[in-house]
Amino acid sequence: MAKPVSIEVWNPNGKYRVISTKSMPGTRWINLLIQNDCRLEICTEKKTILSIEDIIALIGDKCDGVIGQLTEDWGEELFSALSKAGGKAFSNMAVGYNNVNVNAANKYGVAVGNTPGVLTETTAELAASLSLAAARRIVEADEFMRAGLYDGWLPHLFVGNLLKGQTVGVIGAGRIGSAYARMMVEGFKMNLIYFDLYQATRLEKFVTAYGAFLKASGETPVTWKRASSMDEVLQEADIISLHPVLDKTTYHLVNKERLAKMKKEAILINCSRGPVVDEAALVEHLKQNPTFRVGLDVFEEEPYMKPGLAECKNAIVVPHIASASKWTREGMATLAALNVLGKIKGYPVWFDANKVEPFLNENAPPPAACPSIVNAQALGLPSSKL
């Protein structure tokens with residue numbers, strides 16, 4: 001018999017039983033569920049990552065839906081348990097769902113929700129923050145100051161890289177990659193080179209227009225270039241930010257050979273998925289090239305780092321916080337809750353998962369729809385025409 005898991009209960013007499021495997025930011029998501037006759041149970045176990053057994057215990061004998069986290073292994077066992085408990089709805093509080101076996105969800109008829117459309121600017125901002133911190137060696141300088149080592153100004157003390165006039169490279173110019181590129185181009189007057197299977201027309205028009213504005217102001221205009229290969233970006237850019245999806249084709253996209261193609265003083269940023277980078281090869285490259293720098297928000301085997309990475313002074317590492325702005329995390333919680341609620345209520349799926357503003361407007365009721373269900377087509381769920 002599974003060990004009981006501690007919970008906090010909201011609206012105990014609610015008709016529908018919904019589980020959240022973690023406490024989430026904000027209260028709107030809670031209020032939306034309880035206002036729609038849901039009994040909400042929030043796990044309060046003092047564990048960062050719940051085991052499969054923990055989640056099965058939470059699901060119990062009757063459960064209509066679960067809001068889960070990307071650290072949990074949602075596969076055959078959990079979807080089977082949820083289905084047996086009468087549940088047909090699950091949502092990650094995340095845009096990614098690499099932790100979810102969607103085929104298993106399809107087998108048991110469980111809708112899988114995610115939360116795109118709310119992380120774009122927040123994630124791009126962190127990538128830009130890591131870029132600036134790496135270029136100007138801010139973390140190293142902060143540690144130096146706190147250690148009491150500063151005894152006066154020196155000409156060579158923590159000399160970093162100027163961004164203005166340099167080239168920023170973007171691998172994957174989708175929503176987040178394009179938002180990051182705009183920040184770096186407009187904020188620091190950097191030139192752009194990008195690689196994507198699809199042409200980023202809007203991004204190109206933005207850089208062209210900004211370049212014309214600078215030229216009219218008597219300044220050097222910025223430029224853009226769509227590379228014919230990823231290697232072209234690696235060879236030409238001073239800062240490279242990775243924004244691809246993670247699949248078989250992008251696993252270890254940046255490996256030993258590709259690291260060797262980059263400039264000696266280049267900066268590599270990864271706020272996408274950890275396995276896109278061969279982390280062991282990166283550690284060796286950092287050790288052998290002290291002027292090469294990296295900013296990482298994600299890791300190959302989270303929550304762990306490869307041996308030696310923590311000791312590299314030319315690496316900035318943060319614990320998967322790209323989406324960690326108050327507005328974004330509260331929005332993610334709301335969208336995840338509405339995915340589960342919408343499926344319970346039999347609502348259709350929203351027509352565009354990236355146009356989520358109507359769901360986040362606190363001054364109006366959310367649309368009667370599921371914001372984003374990744375397996376809607378497989379399950380034959382209707383689409384909203386609102």
Side-chain angles (χ1 to χ4, degrees), residues 5-50 54-55 58-60 62-72 74 82 87 89-97 111-123 125-126 319-345 347 350 353-373 386:
V5 179
S6 60
I7 57 171
E8 174 186 12
V9 180
W10 294 74
N11 193 29
N13 296 319
K15 179 179 179 181
Y16 309 105
R17 183 170 178 260
V18 174
I19 301 297
S20 178
T21 63
K22 283 281 183 291
S23 172
M24 300 189 297
T27 57
R28 185 167 181 253
W29 70 277
I30 296 174
N31 293 330
L32 286 169
L33 288 171
I34 63 178
Q35 288 165 7
N36 283 277
D37 206 14
C38 291
R39 171 191 167 102
L40 173 62
E41 298 181 14
I42 304 173
C43 179
T44 56
E45 285 286 309
K46 301 298 181 184
K47 296 171 70 173
T48 301
I49 301 175
L50 296 180
D54 291 331
I55 298 173
L58 282 169
I59 290 171
K62 180 189 181 298
C63 180
D64 295 285
V66 177
I67 303 167
Q69 303 297 324
L70 54 77
T71 53
E72 300 157 3
W74 278 84
L82 181 56
F90 166 80
S91 184
N92 250 6
M93 182 198 157
V95 64
Y97 47 96
V112 175
N114 68 335
T115 62
V118 73
L119 299 93
T120 302
E121 299 298 328
T122 300
T123 303
E125 284 181 5
L126 185 75
H320 207 143
I321 58 170
S323 66
S325 69
K326 183 175 184 292
W327 181 84
T328 294
R329 288 282 172 90
E330 290 184 2
M332 292 166 69
T334 296
L335 294 173
L338 290 174
N339 280 331
V340 171
L341 177 64
K343 184 62 173 68
I344 290 172
K345 292 284 191 175
Y347 294 158
W350 190 240
N354 291 302
K355 295 183 178 179
V356 296
E357 291 82 2
F359 295 98
L360 304 178
N361 181 2
E362 297 188 15
N363 297 316
C370 303
S372 178
I373 302 296
L386 294 174

Distance check, rounded to the nearest 0.5 Å: Ile19 atom CD1 versus Ile42 atom CD1?
10.0 Å
List the residues meeting side chain to side chain contact (heavy atoms under 4.5 Å, CB included) with Ala111, not counting sequence neighbours, and say none if there are none.
Lys343, Ile373, Asn375, Leu379, Leu381
I want to check something: taking the side chain as every heavy atom from C-beta on, are Ile30 and Leu40 in contact at a cut-off of under 4.5 Å?
yes
Separation of Thr334 OG1 from Leu33 CG (nearest 0.5 Å)
9.5 Å
Run the salt bridge (charged side-chain N to carboxylate O under 4.0 Å, His left out) test against Lys47 and tell me which residues pass, sequence neighbours left out.
Asp54
Is there side-chain contact between Leu82 and Cys63, with at least one heavy-atom pair below 4.5 Å?
yes
Set of residues satisfying side chain to side chain contact (heavy atoms under 4.5 Å, CB included) with respect to Ser323, sequence neighbours excluded:
Leu119, Thr328, Arg329, Met332
Between Leu126 and Thr122, is any pair of side-chain heavy atoms under 4.5 Å apart?
no
In sequence, state the C-alpha distance, the side-chain angles, and the governing distance for Leu335 and Val118, and then conclude on side chain to side chain contact (heavy atoms under 4.5 Å, CB included).
CA-CA 9 Å; Leu335 294 173; Val118 73; 4.0 Å; yes
Closer than 3.5 angstrom, by distance alone: can the side chain of Trp350 be matched with the main-chain N or O of Lys355 as a donor-acceptor pair?
yes
List in chain and number order the residues that pass salt bridge (charged side-chain N to carboxylate O under 4.0 Å, His left out) with Glu125, two or more places apart in sequence or in another chain; answer none if no residue qualifies.
none
Smallest heavy-atom separation, Cys38 atom then Asn11 atom, equals O-ND2, 2.9 Å
Donor-acceptor pair, Thr44 side chain versus Ser6 backbone, under 3.5 Å?
yes
Does the side chain to side chain contact (heavy atoms under 4.5 Å, CB included) test come out yes or no for Ile344 and Val18, once each step is laid out?
CA-CA 10 Å; Ile344 290 172; Val18 174; 3.7 Å; yes
Per the salt bridge (charged side-chain N to carboxylate O under 4.0 Å, His left out) rule, what does the pair list look like for residues 30-42, sequence neighbours excluded?
Arg17-Glu41, Arg39-Glu41
All side chain to side chain donor-acceptor pair (under 3.5 Å) counterparts of Ser91, not counting sequence neighbours
Asn339
Are Val356 and Thr115 packed together at the side-chain level, in the sense that at least one heavy-atom pair is separated by less than 4.5 angstrom?
no
Residues that Lys62 engages under salt bridge (charged side-chain N to carboxylate O under 4.0 Å, His left out), provided they are two or more places apart
Asp64
Only distances under 3.5 Å count here; give the side-chain donor-acceptor pairs of residues 65-72 to other protein atoms, sequence neighbours excluded, each with its distance to 0.1 Å.
from, atom 1, to, atom 2, distance (Å)
Glu72, OE1, Thr21, OG1, 3.4
Glu72, OE1, Gln69, N, 3.0
Glu72, OE1, Trp74, NE1, 3.0
Glu72, OE2, Thr21, OG1, 2.5

Qualifying residues under side chain to side chain donor-acceptor pair (under 3.5 Å), relative to Glu8, sequence neighbours excluded
Trp10
Return a table of donor-acceptor pairs under 3.5 angstrom between the side chains of residues 359-372 and protein atoms on other chains or two or more places apart.
from, atom 1, to, atom 2, distance (Å)
Asn361, OD1, Asn363, N, 3.0
Ser372, OG, Asn114, OD1, 2.5

Residues at least two apart in sequence or cross-chain that pass side chain to side chain contact (heavy atoms under 4.5 Å, CB included) with Thr48, listed by chain then number, are none
Distance (rounded to the nearest 0.5 Å) between Leu50 CG and Ile55 CD1:
5.5 Å
Which pairs pass side-chain hydrogen bond (donor to acceptor under 3.5 Å, both in side chains) with one or both residues in residues 23-34, sequence neighbours excluded?
none
Could you tell me the separation between the OH atom of Tyr347 and the CG atom of Leu338, rounded to the nearest 0.5 Å?
9.5 Å
